[in-house]
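The structure under discussion appears below in the form of structure tokens.
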Number of protein chains: 2
Amino acid sequence: MRAGPRRQPRSPEPAGPARPAAEGLSIAGVARQAGVSVATVSRVLNAHENVRPATRDKVLAAIDASGYRVNELARNLRTAESRLLLTMVPDFGNPFYAEIVRGIDSVARQHGYFMLLCDTGADAGRERSYFDLLRRRRADGAICLDPATIQQALGEASSALPWVACCEFEPSMGVPYVGIDNYRAAGDAVRHLLARGHRRIALINSDIDYLYARQRQQGYLDALTEAGITPLEGWRMNLNSLDYEAGASAAAVLMEPPHPKNATPTAIFAVSDTLATGVLHGLRSIGKRVPDDVAVVGFDDISIASQVDPPLTTIAQPMRELGETAARLLLQRLANPLASVPGVLLPHRLVIRGST
Amino acid sequence: MRAGPRRQPRSPEPAGPARPAAEGLSIAGVARQAGVSVATVSRVLNAHENVRPATRDKVLAAIDASGYRVNELARNLRTAESRLLLTMVPDFGNPFYAEIVRGIDSVARQHGYFMLLCDTGADAGRERSYFDLLRRRRADGAICLDPATIQQALGEASSALPWVACCEFEPSMGVPYVGIDNYRAAGDAVRHLLARGHRRIALINSDIDYLYARQRQQGYLDALTEAGITPLEGWRMNLNSLDYEAGASAAAVLMEPPHPKNATPTAIFAVSDTLATGVLHGLRSIGKRVPDDVAVVGFDDISIASQVDPPLTTIAQPMRELGETAARLLLQRLANPLASVPGVLLPHRLVIRGST
DNA sequence: CTGAAAGCGCTAACAA
DNA sequence: TTGTTAGCGCTTTCAG
């Protein structure tokens with residue numbers, strides 16, 4: 001991975017007379033002004049104990065007077081860390097990921113790290129190139145929310161790199177992860193619909209590259225089977241987008257005639273609230289009422305879920321905690337690269353609203 | 001601004017025998033393996049012209065064989081740039097900002113920069129501390145989407161720093177900016193309502209700290225006045241949140257009795273689609289039908305706007321372009337710090353849907 | 001076309 | 001408690 005040409009750095013100063021201050025000032029300048037050595041300035045800067053208060057004050061005064069700011073570029077090289085955490089998401093426009101990212105950000109920040117957010121579009125190539133940021137030391141660690149299939153391909157080449165998986169993971173990969181029990185969650189959604197008397201339940205799923213999509217599908221299938229229902233193929237759709245529009249058109253397609261006699265679904269389980277919100281819109285546009293004609297269950301409990309009409313019954317994921325936990329796992333791994341790598345499953349919750 | 005204590009860097013290697021390769025490898029190692037000097041390796045790395053093809057191939061081979069990756073920490077120090085662009089948003093969970101951020105990100109990436117995303121919560125203190133990242137050389141430039149009032153306070157102390165304003169700006173500040181004509185846009189929204197026969201039009205506004213809030217309010221007031229209508233105080237609300245819930249409860253309050261006789265609004269103009277979406281929900285919960293009882297106009301045209309029931313009439317902002325333009329202005333400013341600083345206004349557009 | 005060498009600004013031994 | 005000094009890994013004159 002070679003880098004392209006880069007901009008010219010600041011041209012080497014014409015060695016003019018000392019600047020008015022504040023600009024391009026280095027630790028050496030502060031040391032001079034304070035009448036101490038650079039080591040002492042560095043000690044003050046890093047809050048080391050062994051500096052006489054009087055000396056410290058002198059240094060602090062010089063810093064204030066000069067408007068000096070530490071050059072983190074130099075510090076980073078010296079300490080061999082970037083203090084940046086890389087977060088790779090398939091799509092940060094999606095409110096679900098946005099909330100997780102906030103969780104990551106808040107923990108990272110608390111620990112003196114900043115977050116480098118990268119939208120991969122769930123593309124293996126882009127993810128691979130972002131992953132390379134770790135090797136190039138641009139980031140100290142990474143959190144990946146991309147499909148488990150991508151992670152797996154990458155993981156083989158990068159298992160030694162400091163990263164953790166969030167939401168999407170492959171337990172056998174030996175990479176620390178945090179997520180929820182998608183299988184059970186999907187089962188819970190379906191059993192709720194079953195309890196409401198539905199027997200013809202459709203599944204609007206996302207791309208099967210996602211671990212969650214596979215697990216939720218299995219949960220859906222097994223829950224139906226356990227209830228003595230044979231899930232029809234025609235009840236299932238796989239979408240390669242989580243956009244509202246995708247959900248809307250999927251709903252329309254799903255409710256269209258060409259189902260065997262008496263096989264038109266009376267309920268739809270969509271694997272994300274964005275999809276489910278689109279489904280609501282799609283059903284409305286073909287004149288179906290929710291929940292009277294068709295019941296709808298979503299997934300995630302993003303904030304819009306309670307605002308749509310009718311409000312969505314959904315499976316709530318602890319998004320914020322997912323992000324926070326991922327960040328903590330990563331921080332742990334950075335602090336102790338050899339420690340064992342836990343996998344964490346957080347609880348989900350069925351939230352019943354008007355759409356069922 | 002002093003830094004707190006930091007983690008220990010990797011302990012100084014026990015100077016063991018050369019590593020198996022790939023790990024902690026530097027340019028010197030590659031040079032040795034290729035039988036050339038570090039300067040030559042650097043030239044190859046940076047695609048300089050003056051390297052004999054044969055030499056280049058040798059170097060490339062050594063790089064491939066060793067799995068070497070450039071250490072950007074070192075490169076950054078040497079070139080005195082971080083190749084990071086700082087983006088400060090009041091709330092990146094808001095879909096409006098999310099879309100702008102995508103625009104910034106795509107342009108930044110195209111030019112070899114990465115984006116450091118910081119959520120300021122529209123807090124002056126946090127913004128100030130993020131701003132300091134520029135001085136500490138953690139970022140080469142910044143794009144600020146925070147309220148213009150905050151920017152102004154900051155701008156005075158930081159006008160020399162390379163940053164641009166997006167959406168929120170203060171033309172007199174001399175900082176490059178991009179935004180829309182909020183005054184006209186709000187007028188357009190109100191005039192649309194007027195044309196539909198409404199005369200009692202309410203305004204659900206956000207915190208008046210925002211330039212856009214002040215401008216839209218003025219546009220609203222003037223449009224009413226020009227139509228011969230005296231805007232009532234009771235028709236206006238200022239919220240300190242753009243959340244759906246905030247919009248929902250504001251709508252309920254607004255439609256409550258204590259209006260002078262015949263002064264209850266028949267239309268609501270909300271300054272953001274998130275608010276307007278909440279308004280829809282709030283109206284529904286008090287039994288008002290949209291648009292029959294009350295018409296609603298939003299602002300932004302985020303993707304949810306077309307999905308709610310009824311779909312929102314709204315003022316579309318070119319969010320993606322706003323972000324892209326902001327990034328380009330910043331890049332321009334970085335390339336030529338002394339060039340003049342343009343202010344750019346992008347066009348808005350009234351999108352008429354079912355809510356009016 | 002290639003190499004030797006001088007730092008970028010900082011931290012951390014090691015000495016004093 | 002403080003100072004001296006040796007790099008971190010890279011880019012870039014300047015010589016050859």
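This structure is a prediction, so every number in the text was calculated from the model and none was measured. Residue numbers begin at 1 in each chain, while the letters A, B, ... track the order of the sequences.
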Return yes when atom CZ of R32(A) has more than 12 non-hydrogen atoms of other residues, nucleotides or ligands closer than 6.0 Å, and no otherwise. no

Is the phosphate of dG9(D) approached by S26(B) (side-chain N or O, under 4.0 Å from OP1 or OP2)? no

N/O (side chain, N46(B)) to phosphate O (OP1/OP2, dT11(D)) under 4.0 Å: yes

Rounded to the nearest Å, what distance is computed from the [atom1] atom of residue [X] to the [atom2] atom of nucleotide [N]?
{"X": "E81(A)", "N": "dT11(C)", "atom1": "CD", "atom2": "C1'", "value": "12 Å"}
{"X": "R136(B)", "N": "dC8(C)", "atom1": "CZ", "atom2": "P", "value": "22 Å"}
{"X": "L73(A)", "N": "dT11(D)", "atom1": "CG", "atom2": "P", "value": "13 Å"}
{"X": "R138(B)", "N": "dG9(C)", "atom1": "CZ", "atom2": "P", "value": "17 Å"}
{"X": "N71(A)", "N": "dC10(C)", "atom1": "CG", "atom2": "C1'", "value": "8 Å"}
{"X": "R135(A)", "N": "dG9(D)", "atom1": "CZ", "atom2": "P", "value": "18 Å"}
{"X": "E72(A)", "N": "dC10(C)", "atom1": "CD", "atom2": "P", "value": "10 Å"}
{"X": "L25(B)", "N": "dG9(D)", "atom1": "CG", "atom2": "P", "value": "10 Å"}

Review item, side-chain donor-acceptor pairs of residues 98-109 of chain B, under 3.5 Å, at least two apart:
residue, atom, partner, partner atom, Å
E99(B), OE1, R102(B), NH1, 3.2
R102(B), NH2, D91(A), OD1, 2.5
D105(B), OD1, R109(B), NH1, 2.9
D105(B), OD2, R109(B), NH2, 3.1
S106(B), OG, G103(B), O, 3.1
R109(B), NE, Y130(A), OH, 2.4
R109(B), NH2, Y130(A), OH, 2.5

Side chains of S82(B) and D140(B): is there a donor and an acceptor less than 3.5 Å apart? yes

Side chain to side chain contact (heavy atoms under 4.5 Å, CB included) partners of V344(A), counting only residues at least two apart: V178(A), T325(A), L329(A), L346(A)

Let me know, please, whether H48(A) or L77(A) comes out on the 5' side of the other along DNA chain C by nearest nucleotide. L77(A)

Which residues satisfy the side-chain hydrogen bond (donor to acceptor under 3.5 Å, both in side chains) test with N71(A), sequence neighbours excluded? none

In chain order, what residues pass the salt bridge (charged side-chain N to carboxylate O under 4.0 Å, His left out) check against E321(B), with sequence neighbours excluded? none

Under 4.0 Å protein heavy-atom contacts per nucleotide of nucleotides 2-7 of chain C, with B for base, S for backbone only and - for none: BBBBBB

For Y97(A), what residues pass the ring-ring contact (aromatic ring centres under 6.0 Å, His included) criterion, not counting sequence neighbours? none

